[in-house]
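Okay, structure first, notes after.
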Amino acid sequence: MAGIIGTMQALEAVKYITGQGELLTGSMLVFDGLKMEWRKVKLPKRNSLCPICGDSPAIKELFDEEQQACSLN
Ligand SMILES: [Zn+2]
């Protein structure tokens, strides 16, 4: 499975570097090895109001709740 996906990622990199073909930009390729099927899923466009990756992000760093609780002891 890793070999199949790795080969597809390498092909995508070659297309990107050479500027040839169509990139998977904005979509994700899903492989179902049990059915031996590929499926291309379109990803939703970026939400400009997202608190993490939006235009004005409110969340700028990771927060570890467990560590925060321990520091209170
Ligand atoms: Zn986001």
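Whatever order the structure lists ligands and atoms in, that order sets their numbers, starting from 1. Heavy atoms only: backbone and side chains are in, while hydrogens, waters and symmetry mates are out.
- R39 CZ to F31 CZ: the interatomic distance, rounded to the nearest 0.5 Å, is 12.5 Å.
- Heavy atoms from other residues, nucleotides or ligands lying under 6.0 Å from CE of M1 number more than 12.
- Cluster membership check: L29 shares its hydrophobic cluster with I4, using side-chain heavy-atom separations under 4.5 Å among Ile, Leu, Val, Met, Phe, Trp and Tyr.
- Protein N/O/S atoms closer than 2.8 Å to the Zn ion (ligand 1), listed by chain and residue number, are C50 SG, C53 SG.
- In the hydrophobic clustering of ILVMFWY residues, with side-chain heavy atoms under 4.5 Å counting as a link, M8 and L24 come out together.
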Working note: W38 + V30, criterion side-chain contact (heavy atoms from CB on, under 4.5 Å); need CA distance, chi angles, decisive distance, verdict. CA-CA 6 Å; W38 292 94; V30 180; over 6 Å; no
Starting from the C-alpha separation in whole Å, work towards a yes-or-no answer on side-chain contact (heavy atoms from CB on, under 4.5 Å) for V14 and Q20. CA-CA 8 Å; V14 169; Q20 299 295 310; over 6 Å; no
